[in-house]
K.L.:
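Sending over a structure as structure tokens; questions will come in a sec.
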There are 2 protein chains.
Amino acid sequence: MNQEDTSQATRIQVIDRAASLLDAIARYPDPVSLKILAAETGLNVSTAHRILASLIQNRFVEKDAASHYRLGLRLLQLGVRLHGNVDVRAIARPIMEDLRDRFGESVNLTIREGDSVVYIEKATPNRMIHVQQLIGARAPLHVTAVGKLMLGAAGEDAIRAYAQRTNLPAYTRNTITTLPGLIAECGQALARGYALDNEEAEMDVGCIGVLIHDGTGNVSAGLSVSAPIARRRLEWVEDLMEAGRTLSAQLGYSVQAVF
Amino acid sequence: MNQEDTSQATRIQVIDRAASLLDAIARYPDPVSLKILAAETGLNVSTAHRILASLIQNRFVEKDAASHYRLGLRLLQLGVRLHGNVDVRAIARPIMEDLRDRFGESVNLTIREGDSVVYIEKATPNRMIHVQQLIGARAPLHVTAVGKLMLGAAGEDAIRAYAQRTNLPAYTRNTITTLPGLIAECGQALARGYALDNEEAEMDVGCIGVLIHDGTGNVSAGLSVSAPIARRRLEWVEDLMEAGRTLSAQLGYSVQAVF
DNA sequence: CATATGTTTTCATAATACGAAAATACGTCG
DNA sequence: CGACGTATTTTCGTATTATGAAAACATATG
């Protein structure tokens, strides 16, 4: 009598519903009415109302004078406390700002989650035209510079498994969609220490990415510059790699292991 | 048979429990075991396990190889999309960084929530010793510079009600704990356009704060510098007020209304 | 003022989340 | 290596809990 369960495990209905309400609210830039939220989530109005009331009590949601709902501050409070990443972000910020000023382009910090990279921090320049990435946004590994490095670091078997799972969907006509092509690209990128994204995620956008390692030697994040393809300069590679080394060092990474 | 309900309204058990699990996880800097989480929240292990599994499916929580739990990226994703405040933060950041460089001290952006101010953005200097405020942290209105301005802007009746509700708890020996004292202080602060905090929240910490207004003329946030009291300079007041005016203007506030 | 539209509350009911206990996994020490 | 202690995960009958239809209430609209 229920819809197919996305992942077969035992789900908790209310939590799934609460999550979809939060998503629905997030989708709108302005506070949203109960009516709309109920419609968007397919919930009965009274159910939606009750769940929202509970979310309000827990400060995940706020309600304004007109009974319109918006996200609550508890989310911010929890969001900035994300394990470990909080350190990377704090440490990375000055470095990112420096790069942004040097290049005059957007600099992003990403981490891997599943088969995606997630943007966790950004520094954007004051130019009219620059590449904008929303914090929390995601992109598949094989269409981003940092993602390809992460795949390379994960090894050939992992790349095969990734390709199998995702089928390497194309985002632009430059997206790498063949397994041999991806393996070659990731390996090469890893070997030279940086990766390029030549309009593979979006036309007219080019990136350069490097990996960040933490104290235990694991890949903990990725640092990248994104620019309109015509403005991207390969001269940035050196600065970017240097910044990556600095950041990794500040996280306790020592390069010795390589030799 | 149940515990007293904190707020008499109809609560949803699972959501309350999920929220307290999230809080428990947030309390620890490192990933936490199920055992501990169950103990902290007073939940049955199997219940905690089930709820956590659901939170994981919804990406609010992650589980590492050792079955230890940490906060998930969905929180970040949602946290940065907070209505409206997202604008203030984005617009304020460069201004805050400028002030930080000018003063060499921590600059904070706060908003009011209930009887507290909540820190929503900060810019910290590179000095060894500086005042640290965690984003999402809270402080009562009457012990902070910005809070006193907000009280002043809310009017004398509101101050009375606030005093009644909170009883004006003392945080240091400088905290204002009398109603007449608070009314006088808030009124004066509002009139001159800035407020001081002279070690009222924490000994050795002094602040200067100003209000930020949005396009509709409402108080939307507060901007403040925090410094070790010995380093705080009243000369900063002008710069800070100017920054506040700039920020308010960028949010669409026009001063004309005052006259 | 009447009508329409949206929000909030109520309440009987069925479905849902509960938790004790069993099963499984993981270490650790003799 | 095997046996014991500890933590995690799964199972399953049951009672509690969340559900949603409908009624009451609030707010806009013509």
Side-chain angles (χ1 to χ4, degrees), chain A residues 1-22 24-25 27-28 30-72 83, chain B residues 1-22 24-25 27-28 30-72 83:
Chain A
M1 193 173 275
N2 241 337
Q3 72 266 45
E4 313 302 302
D5 28 3
T6 326
S7 52
Q8 76 285 36
T10 163
R11 316 213 59 162
I12 295 187
Q13 194 186 53
V14 208
I15 292 183
D16 291 350
R17 289 175 165 184
S20 73
L21 279 169
L22 289 174
I25 296 175
R27 238 174 274 135
Y28 289 81
D30 292 314
V32 208
S33 75
L34 175 64
K35 176 90 182 299
I36 293 180
L37 289 176
E40 286 259 334
T41 55
L43 294 173
N44 181 302
V45 259
S46 93
T47 302
H49 182 263
R50 185 161 21 83
I51 295 176
L52 285 167
S54 171
L55 291 173
I56 289 171
Q57 288 174 331
N58 285 291
R59 306 203 306 120
F60 289 117
V61 168
E62 293 171 8
K63 183 160 65 162
D64 65 19
S67 281
H68 286 190
Y69 298 86
R70 60 178 168 198
L71 297 178
H83 157 80
Chain B
M1 192 172 276
N2 242 337
Q3 73 266 46
E4 312 301 300
D5 29 3
T6 325
S7 54
Q8 77 287 38
T10 163
R11 317 211 59 160
I12 295 187
Q13 195 185 55
V14 209
I15 291 183
D16 290 350
R17 291 176 164 185
S20 71
L21 279 169
L22 289 174
I25 297 175
R27 240 175 273 135
Y28 289 82
D30 293 312
V32 207
S33 74
L34 173 64
K35 177 92 181 297
I36 295 180
L37 289 175
E40 286 258 334
T41 54
L43 293 173
N44 181 302
V45 260
S46 92
T47 303
H49 183 263
R50 185 161 20 81
I51 295 176
L52 285 167
S54 171
L55 290 173
I56 289 172
Q57 289 173 333
N58 286 291
R59 305 205 304 121
F60 288 116
V61 169
E62 295 172 7
K63 186 160 62 161
D64 65 17
S67 283
H68 286 191
Y69 298 85
R70 60 177 169 202
L71 297 177
H83 157 82

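Residue numbering restarts at 1 for every chain, and letters A, B, ... go by the order of the sequence lines.
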K.L.:
Would you compute the distance between atom CG of A:Leu21 and atom CD of A:Glu40 and round it to the nearest 0.5 angstrom?
P.N.:
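The CG atom of A:Leu21 sits 10.0 Å away from the CD atom of A:Glu40.
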
K.L.:
What integer distance in Å separates B:Gln13:CD from D:dT16:P?
P.N.:
11 Å

K.L.:
Can you tell me the distance, in whole Å, between the CZ atom of B:Arg50 and the P atom of D:dT10?
P.N.:
12 Å

K.L.:
Taking NE2 from B:His49 and C1' from D:dT11, how many angstroms apart are they, rounded to a whole number?
P.N.:
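After rounding, the reported distance stands at 13 Å.
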
K.L.:
Please report the distance, rounded to the nearest Å, between CG in B:Asn44 and C1' in C:dA22.
P.N.:
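The answer, rounded to whole Å, is 14 Å.
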
K.L.:
When the nearest nucleotide of DNA chain C is assigned to A:Ala66 and to A:Arg17 on a heavy-atom basis, which residue is associated with the more 5' position?
P.N.:
A:Ala66

K.L.:
Where is the tightest heavy-atom contact between A:Ser54 and B:Ile15, given as atom of each residue plus distance?
P.N.:
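For A:Ser54 versus B:Ile15, the nearest heavy atoms are OG-CG2, 3.2 Å.
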
K.L.:
Please report the shortest heavy-atom distance between B:Ala38 and B:Val45, naming the atom on each side.
P.N.:
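Heavy-atom minimum between the residues: CB-CG1, 3.7 Å.
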
K.L.:
Using atom CZ of B:Arg11 as one end and atom P of C:dA17 as the other, report the distance to the nearest whole Å.
P.N.:
18 Å

K.L.:
Taking the side chain of B:Val14 as heavy atoms from C-beta outward, which of C:dA17, C:dT8, D:dT8 is closest to it?
P.N.:
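Of the options given, the side chain of B:Val14 lies nearest C:dA17.
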
K.L.:
When you measure only distances, ignoring hydrogens and angles, does the side chain of A:Thr47 come within 3.5 Å of the base of D:dA18 through a donor and an acceptor?
P.N.:
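Under the 3.5 Å cut-off, the side chain and the base do not form any donor-acceptor pair.
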
K.L.:
Please confirm whether the backbone N or O of B:Ser46 pairs with a side-chain atom of B:Asn44, one donor and one acceptor, at under 3.5 Å?
P.N.:
yes

K.L.:
Any donor-acceptor pair under 3.5 Å joining the side chain of B:Ser46 to the base of C:dA21?
P.N.:
no

K.L.:
Considering all heavy atoms of both residues, which atom of A:Ser33 and which atom of A:Tyr69 are nearest to each other, and what is their separation?
P.N.:
C-CD1, 4.4 Å

K.L.:
So, is B:Ser67 near the phosphate of D:dA7, with a side-chain N or O under 4.0 Å from OP1 or OP2?
P.N.:
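Indeed not, no polar side-chain atom of B:Ser67 lies that close.
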
K.L.:
In whole angstrom, what separates A:Leu52's CG from C:dG6's C1'?
P.N.:
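Atom CG in A:Leu52 sits about 14 Å away from atom C1' in C:dG6.
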
K.L.:
Remember a base hit wins even if backbone is also touched, and classify A:Leu34 as base, sugar-phosphate or nothing at under 4.0 Å, heavy atoms.
P.N.:
base

K.L.:
In whole Å, I'd like the distance from the CG atom of A:Leu37 to the C1' atom of C:dT8.
P.N.:
15 Å

K.L.:
To the nearest Å, how far apart are A:Lys63 NZ and D:dT27 C1'?
P.N.:
14 Å

